[in-house]
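Since the structure comes first, as structure tokens, the remarks are kept for the end.
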Amino acid sequence: MSGNYTGEEHTVISGCAHNGILNILSKYQEWYDKPPKTVISGFHMMKKGAYEQVEAQIICETAAQLCTEELSDTVFYTGHCTGEQAFALMKPYMGDRLRKIHSGMQIF
């Protein structure tokens, strides 16, 4: 899936980002040399119990990295495998650029 970025808006779709959303975006940017306009992905952060401090810190650091200047126009839709706790931790960093997605939802 390599190619030249031609200027049109791109969307990255990943069912569940088991290898990490940052790794996925890094590979995307390597291929296209531009950030995507939209990312639709679970972030694979769900946990039934409370997060330990180091886990919460990693989630917050991930959110901060998704808020870089380079990704400032990218909107992230995330769902089930991100989990409510992780979503709540990420939302203060990402604001309206982080949105919940569910089955049957229409985005575009």
From L71 CG over to L25 CG, what is the distance, rounded to the nearest 0.5 angstrom? 6.0 Å

side-chain contact (heavy atoms from CB on, under 4.5 Å) between Y28 and V39, worked out: CA-CA 11 Å; Y28 173 89; V39 174; over 6 Å; no

N23 atom CG, over 12 foreign heavy atoms within 6.0 Å: yes

Between G42 and T78 the two heavy atoms that sit nearest each other are CA-OG1, 3.7 Å

Is the shortest heavy-atom distance from the side chain of H10 to the side chain of K34 under 4.5 Å? no

I58 and L22: same hydrophobic cluster, using ILVMFWY side-chain contacts below 4.5 Å? no

Does E30, at its CD atom, have more than 12 non-hydrogen atoms belonging to other residues, nucleotides or ligands within less than 6.0 Å? yes

Spacing of OG belonging to S72 relative to CZ belonging to R97, to within rounding of 0.5 Å: 6.5 Å

Nearest-0.5 Å distance, CD of residue Q65 to CD1 of residue I21: 12.0 Å

Does L66 share a hydrophobic cluster with Y32, counting links as ILVMFWY side-chain heavy atoms below 4.5 Å and allowing steps through other members? yes

With a 4.5 Å cut-off on side-chain heavy atoms, are T11 and K37 touching? no

Quick check: do V75 and R99 have side-chain heavy atoms less than 4.5 Å from each other? yes

Check whether any side-chain heavy atom of F43 sits under 4.5 Å from a side-chain heavy atom of L98, and report yes or no. yes

For A63 and M94, which heavy atoms make the closest approach, and how far apart are they? O-CG, 3.9 Å

Is it the case that the side chain of T74 and the backbone of T38 share a donor-acceptor pair, with hydrogens and angles ignored and the cut-off at 3.5 Å? no

Applying side chain to side chain donor-acceptor pair (under 3.5 Å), name anything that partners E84, two or more places apart in sequence or on another chain. K100

Would you say F76 and M90 make side-chain contact, with heavy atoms under 4.5 Å? no

Does V54 belong to the same Ile/Leu/Val/Met/Phe/Trp/Tyr cluster as M45, with side-chain heavy atoms less than 4.5 Å apart forming each link? no

Angle class for the H18/H44 ring planes (parallel below 30°, perpendicular above 60°, tilted otherwise)? tilted

Are the side chains of Q85 and I59 in contact, using a 4.5 Å heavy-atom criterion? no

Drop me the distance from Q106's CD to I101's CD1, to the nearest 0.5 angstrom. 11.0 Å

Closest non-hydrogen atoms of S41 and A17, given as atom of the first, atom of the second and distance, are OG-CB, 3.7 Å

With a 3.5 Å cut-off and no angle check, do the side chains of Q57 and E61 form a donor-acceptor pair? yes

Is it true that F87 and Y51 fall in one hydrophobic cluster, defined by side-chain heavy atoms closer than 4.5 Å? yes

